[in-house]
Amino acid sequence: NAGVTQTPKFRVLKTGQSMTLLCAQDMNHEYMYWYRQDPGMGLRLIHYSVGEGTTAKGEVPDGYNVSRLKKQNFLLGLESAAPSQTSVYFCASSYLYTTDTQYFGPGTRLTVL
Amino acid sequence: QQQVKQSPQSLIVQKGGISIINCAYENTAFDYFPWYQQFPGKGPALLIAIRPDVSEKKEGRFTISFNKSAKQFSLHIMDSQPGDSATYFCAASTKTSYDKVIFGPGTSLSVIP
């Protein structure tokens with residue numbers, strides 16, 4: 001049982017480049033989330049999904065897109081990376097409700113130059 | 001108001017001492033209050049959680065105290081150990097809204113020998 005995995009672990013982009021972060025969970029969870037973590041700001045929700053084929057915006061969605069084509073996968077895309085998107089990105093999943101335990105992946109450290 | 005305030009930002013405690021981290025919220029609809037622990041380079045992991053129908057919950061050396069009328073809750077770590085050195089996030093959520101998982105900004109705890 002791998003839990004929540006994220007690919008890649010590290011990435012450096014130039015301004016304007018695009019990339020996709022992959023999150024996978026093997027716990028059959030319905031809910032999946034993408035957060036970004038910046039110093040002194042805690043975890044801020046980017047987008048989330050309450051089930052396969054559904055996505056919704058969180059607190060800071062601008063500049064990001066997501067897709068949940070399969071229940072176990074949640075993809076986060078950056079269409080045109082900006083230095084302000086330099087951050088550590090965490091994926092999480094929970095069984096059903098937001099009041100269920102969230103299981104986090106190990107994170108992706110992204111630097112945009 | 002969706003904000004969760006957390007203090008202190010950083011905390012240094014001697015081994016064997018008590019670590020106390022405080023959080024406050026505004027939204028009375030919140031009905032689930034978890035604490036997450038994050039070690040450097042890792043994703044957050046659920047440490048302990050409480051619901052507003054109880055005033056205290058204890059798990060080993062970790063205790064959550066909850067004051068519903070004051071809209072405050074706190075984490076106490078008894079007999080703090082160097083292995084407890086991590087960043088601690090309080091959070092609040094409600095079952096009635098999917099994306100209402102609000103994290104505090106985090107407290108960096110260092111336990112020195």
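We name chains A, B, ... by the order of the sequence lines, and we start the count at 1 in each one.
- We find the OG1-OH distance between A:T101 and B:Y32 to be 4.0 Å, quoted to the nearest 0.5 Å.
- For the atom pair CZ (A:R44) and CZ (B:F103), the distance works out to 13.5 Å, reported to the nearest 0.5 Å.
- Side chains of A:L43 and B:P44 form a contact here, defined as non-hydrogen atoms less than 4.5 Å apart.
- Cluster membership check: A:L75 does not share its hydrophobic cluster with A:L78, using side-chain heavy-atom separations under 4.5 Å among Ile, Leu, Val, Met, Phe, Trp and Tyr.
- Surrounding CE of A:M27 are more than 12 heavy atoms belonging to other residues, nucleotides or ligands, all under 6.0 Å away.
- A donor-acceptor pair is defined here as one N or O able to donate and one able to accept, closer than 3.5 Å; such a pair exists between the side chain of B:Y36 and the backbone of A:Q102.
- In plain terms, the two heavy atoms of A:G40 and B:P105 that are nearest each other are O-CB, 3.5 Å.
- Rounded to the nearest 0.5 angstrom, B:L46 CG and A:Y103 OH are separated by 7.5 Å.
- Side chains of B:Q38 and A:F90 form a contact here, defined as non-hydrogen atoms less than 4.5 Å apart.
- Only the side chain of A:Q37 comes within contact range of chain B, with heavy atoms under 4.5 Å apart.
- No single ILVMFWY cluster, assembled from side-chain heavy atoms under 4.5 Å apart, contains both A:L110 and A:L22.
- The number of heavy-atom neighbours closer than 6.0 Å to CD1 of B:I12, taken from other residues, nucleotides and ligands shown, is 12 or below.
- Annotation: B:E59, atom CD; neighbour count of heavy atoms from other residues, nucleotides and ligands within 6.0 Å is above 12.
- B:K42 NZ: 12 or fewer foreign heavy atoms inside a 6.0 Å radius.
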